[in-house]
Structure formats: C-alpha cells, structure tokens
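Below you'll find the structure, written out as structure tokens, and then a few comments.
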Amino acid sequence: MNLVPSPPLTRAQESRVAIERLYITMRHLFNRGFYKPSGVSGEEIRRALLTLQPEIYGLVGDPQRVELDGLVYVMDRLPKGIESCRIISLASREGFEHSHFPVLVPAKRRRNCFRIDNEQMVIEVTNGRSEIYDILTHLTFMFMEADKIRRNAFQERGSRTREWEKLETIVQSGGMVNDDERELALMYLSSILGRTFEETQQAYQRFEENAGTNSGLFQIVYGLGSVSIRELVEPKIAREINFTPMLRERVGQHLYGERWATRIKQYIWQHNLQERPVHVISANPHSVMNCLYAPAALSDLTTWDNLYDLALKLSLPAERDLRKQVTTYAKEHGMHILEDMAGTSLLVQLIDTAKLDPKKLPVEINYDAKHIRETKPLLLVMDYAFGEQAFETMDELLKPYEHNELTAPLNVASISIIGKAGILTGGKGDLMIPTSHIFEGTADNYPLDNDFSKDDFDGNGIPVYEGAMITVLGTSLQNKDVLSYFRNSSWNAIGLEMEGAHYQKAIQAQSKIRGSVPASVKVRYAYYASDNPLLTGATLASGSLGTLGVKPTYLITVKCLEKIFKTV
C-alpha cells in the first residue's frame, strides 16, 4: 500500500505551530519556576521565535545584524538597566514597594521594577499570564540580540575587536560623548551592531527620546554584550530567569482584579450612586474627561477651532498647565479619580453627570438634556487593561457587590470598549468596528451584537472597516503569514488586538449565564489603528502613532457619549 505523502506545511501553518510551541514551553517553564535563556529550555523558545520571525522583531533571524527598531520597542517596555542584569526575577506584589530599592517604571508599560544589585532585576507582574508571556518574549529577543553583539565584538582569533574596546572606554568613562566625539563613537558602534552608520545614528536618537526611562544606546549595547561575553567566559555565571513561588501561586486567582473592583463598588455605594445607570467605558484616562470638561475649563485660557483641535493642543507636551486645569475643573464638577491601589495599574474615573452642565458640552456631541437630567448616568471610565487582565477586571467588576449580608448587582446599562489595535485592511489612524472576536490559538470565537456600526462613523473623513477582529496572545508574536491568512481566508479579519475576546467572555458570562447584569446590556466596541503589521515600516516598532491618533480617538469617544446621552 502506497501512502500519499502529506503536503508540506505552509508558512502560516508553521507559524501557528511555533506560536503554540512558544506558549506551551513558556507555561511549562513558569510552572517549573526558573530557566536559563542559553540552556535547553531557552533554546526551545529561541527556535520557535526564529521559526515565527515576528514582524515586530525584524532582523531577529539575521546572524550578524542587530535589530534596532525591535530593540527600541523592547527596551521601552523593560526597566532601565536590565541590559546589564544576569538574573531577572518575575514576582507578584510582594512588598518591594516598601523597600529601599528604587522603583523603575518602563516608558511604555505600567509595571513596577526594582534593581536589587549589579546582577539582579525584579519585575513586578500583576496583569496575569499575558504580561508574563509578553515579558518572556521580549527577554528572549533581547538575549538573542545580546549574543549577536558578543559575536560581533570578537575577531576570528578570539581577541576583542578594537571597536569593542573603544565602546568599553566610552561606557566606563560615563557613557557621555560631546558633539565632536559622537560621530566617531557611533562609527565604532555601527561595526559592533552590524548596521550602517545612518541606521545606528537613527537608533541613537530614538533612545535619547526616552533617556529618563532608558539607558543610552552605548550603555545598552555594552551591557547586553558584556553579560553575554561573561556567560561564555564563565559558564557557571549564566543568565537566569526565575518566577517567585508567590507569583506562581497567585496567577489566575483574580486577586488584584477583585480588590480593584471591590474598591469601585464601595465608592459607589458609599456615595449612594447605586441606583444610577452605570456606563462602563474602557478607554485612556484623558479622552472622556476632555470631551466633557475641556471646553468649559479652558474657555478663558485658550482658543480652538473644534474639539479635535483642542484635543490636539492638549496632547502637546508643552501644554501641561492646560491639562492640569482641565483635571482640576473636572474634579470640581462631578469627576472622582480612584488611583490604583490594588496592583492592576488601572486608574478609574467615576463621573457623576448630575453635576455636569450639558450646555457646556462641546458642539460636536449631540445630546438630550432631558434624558441626562432624568437618568443621571454614572460614567465608569477604566484605563486600558492588558491581555488576559481584561477578563479578570471585567468579570470582577460585573459581579454583584457583596458587603456583610448585602448582595446587590451594579445597575450596568452599557459597556463600551474604546481601544487601539493593529489593522489589516487599512492604515494608521483608520477605524475598525468588530462584529466578532476570534481568539487566536483556540477554537473560541465571540460573535457580538455591537451597538456601534460603520454608519455611526461614516462621513468624518476617516476610513471605517467593519468585520471580525482577532484577539491575539501577544502583539510581539505576529508575522505576515499568520495575519495574511486571517485577512484573506474566510475569517475576513480586519484587525488584531489583545483584549476583545477576554472582555466579551466576561460580559457574556455575567449577562447571559450568571445574570449579574441584564442580558440586554448595550455593548460597544470600536478601535483605531495604531499600526499595520502587514506593511514594512508601519509596525509598532517603527515608532508611536503621534498626533495621527487624536482625531480617531476623540471621534469614537464622542460617538460613545452620544449613545449614552440620547434616548434610543
């Protein structure tokens, strides 16, 4: 009997297998408690990452050229000084905040980190498995680039290159160079990185933009290379990643989400707001506040053409005083801020619209003053969750409030998710309206009756796409083959993000099964595009969205508030 050979796997299939292998390996290592990035387990993660070739990590598969955009992206999300650490510990909230160790917060991630000594860094993890996978993937990439730097720092005869010795002199003298010396130093650095002088100079400038939370490029390259060299010379002093027993015990227990949600409900009941219709909004902490309060707060202080122009002005770093004025005014007119104390890193704004004068709302918002006056909506604005944390926080928030013998549900009228996502069908700044969330790597999918539609946003000068969205396991693990499959196959996906399926899983569980909130609760999802991972130079690693994201963010916010402030 002749067996027909199986057809070879496509790149998309190979990539999906690599993603699955990555997560199985990382979960195994987490349960084990430690691993060495250069050991057998670490090599398994490296091989899977090389098979996957994520877009955000660019040249990770090149044996000589160091991936600079990816390095900028990763170092913005890891603590300052981690490049020179040999031991990295992932911990839960275990009291480090009360120690003498200085708190280090990365530029682009809300996570507390602590430098223990010259060799060890502790990263506090409170956002669940998604954050652990995110950190491990970034660390794997960082170590792979470190080994490239080490190889480029040695000549064939085994001695260190002249360029590495020059870099060592610069770093040991403080890492600072004057204008006359900088170009010469960058020339040495470009040789070590295997990149052109121009590419190295651009990376240097990008690192300088976050000099407060990042080491400079000279220090990062020297730190990464030195640790890798030391491990090669002294194998007993290997790099190591470990997970504390408390972290392994707490992950998946909803410990932080429960504390966070309980504090919110306590505030609502203590201020007799429990009868109000609650409108939950997952968004950034400024757009709802600015839409409701900025025009009234700044009417005598500045001028603007429209709400989007005012929002753009408020986004400028130089306008800090104007932003403070808006916050002060908002606090005096119904907004209360609940800073995070539970460990979720999610700030909450509770806005009592009974203290809001609708006549002072911007003209861009259509509202029904009678509806606002009669229903007095309570807006619960929560900052962006991260991956699996979206399920934990939303699930706990929608549960009934339990205090002594009291068990009472929140009067939830609507849940709106205003997010940013990668787009597969357009460009940066475009809008995406999901009709379902497809959970990558599982058989789970969540069709939804979205109260937002494409028609709500048409006619505003921004392209709008409607269709399925992929909830991915991690933004750093996507490549063109997988994403093209989701876009071009019968899935017809328009974009990808990390929280949608998690949010919807919690909403459906509490509204359709457990009955904690009405089954008729209005659900709204809308995203603006922060990047297009299918286009070279348009991934997250290519830089921030900048002012391009202002209008789509505020357009979604305006439409969300209109839905709340008008009768159906």
Side-chain angles (χ1 to χ4, degrees), residues 9-28 30 45 48-57 127-138 140-141 252 282 384-392 394 417 419-425 432-448 450 465-509 525 527 529-534 539-541:
L9 294 178
T10 65
R11 272 290 297 148
Q13 290 170 326
E14 288 179 347
S15 300
R16 292 171 72 185
V17 169
I19 292 173
E20 185 177 0
R21 193 164 70 245
L22 267 169
Y23 279 95
I24 290 172
T25 304
M26 287 191 286
R27 178 166 286 200
H28 163 71
F30 172 71
I45 297 179
L49 206 62
L50 287 173
T51 300
L52 186 59
Q53 296 279 319
E55 296 305 313
I56 214 162
Y57 294 151
N127 296 344
R129 291 187 182 90
S130 295
E131 185 174 21
I132 294 171
Y133 299 152
D134 184 64
I135 293 170
L136 293 185
T137 309
H138 290 338
T140 300
F141 165 79
S282 172
Y384 294 129
F386 185 80
E388 197 174 89
Q389 185 192 36
F391 174 76
E392 176 179 340
M394 187 63 71
I417 312 300
K420 56 183 177 180
I423 195 168
L424 303 177
T425 51
M432 291 163 281
I433 312 301
T435 55
S436 62
H437 286 105
I438 302 160
F439 199 179
E440 179 193 46
T442 73
D444 301 342
N445 54 77
Y446 299 88
L448 61 103
N450 196 344
Y465 302 90
E466 195 170 45
M469 296 278 289
I470 309 298
T471 296
V472 298
L473 295 165
T475 54
S476 58
L477 293 180
Q478 304 309 308
N479 68 13
K480 290 183 179 179
D481 303 291
V482 174
L483 297 178
S484 295
Y485 164 75
F486 277 122
R487 184 189 65 179
N488 299 328
S489 69
S490 57
W491 289 112
N492 291 319
I494 59 172
L496 64 149
E497 46 74 57
M498 283 188 64
E499 291 78 34
H502 297 294
Y503 273 134
Q504 193 60 20
K505 179 167 65 171
I507 293 168
Q508 288 184 188
Y525 288 87
Y527 301 91
S530 58
D531 64 296
N532 186 330
L534 291 178
T539 67
L540 287 172

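Residue numbers start at 1 and run along the sequence shown.
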If you round to the nearest 0.5 Å, how far is [atom2] of [Y] from [atom1] of [X]?
{"X": "Asp444", "Y": "Lys505", "atom1": "CG", "atom2": "NZ", "value": "7.0 Å"}
{"X": "Glu20", "Y": "Leu473", "atom1": "CD", "atom2": "CG", "value": "10.0 Å"}
{"X": "Arg487", "Y": "Leu424", "atom1": "CZ", "atom2": "CG", "value": "7.0 Å"}

| request: Verify, without hydrogens or angle tests, whether Asn450 (side chain) and Thr435 (backbone) share a donor-acceptor contact under 3.5 angstrom. | output: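 Checking the backbone N and O of Thr435 against the side chain of Asn450, no donor-acceptor pair under 3.5 Å is found.
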
| message | Between Tyr446 and Phe439, is the ring centroid distance below 6.0 Å? | response | no

| task | Kindly state whether the ring of His437 and the ring of Tyr503 have centres lying under 6.0 angstrom apart. | result |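 Ring-ring flag for His437/Tyr503: false, centres at least 6.0 Å apart.
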
| query | What residues form a ring-ring contact (aromatic ring centres under 6.0 Å, His included) with Phe30, not counting sequence neighbours? | reply |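 Here the qualifying residues are Phe243.
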
| request: Would you please name every residue forming a side chain to side chain contact (heavy atoms under 4.5 Å, CB included) with Asp134, sequence neighbours left out? | output: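 For Asp134 the side chain to side chain contact (heavy atoms under 4.5 Å, CB included) partners, ignoring immediate neighbours, are Arg109, Arg111, His138, Phe386, Ser476.
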
| request: Could you check whether the rings of Tyr57 and Phe141 sit parallel, tilted or perpendicular, using 30° and 60° as the cut-offs? | output: parallel

| Can you find a side-chain donor-acceptor pair between Thr51 and Glu14 that sits under 3.5 Å? |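 No donor-acceptor contact under 3.5 Å links the two side chains.
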
| said: Under a 3.5 Å cutoff, is there a donor and acceptor pairing between the side chains of Tyr384 and Glu499? | reply: no

| task | Output all residues satisfying salt bridge (Lys or Arg N to Asp or Glu O under 4.0 Å) with Glu388, sequence neighbours left out; order by chain, then residue number. | result | Arg129

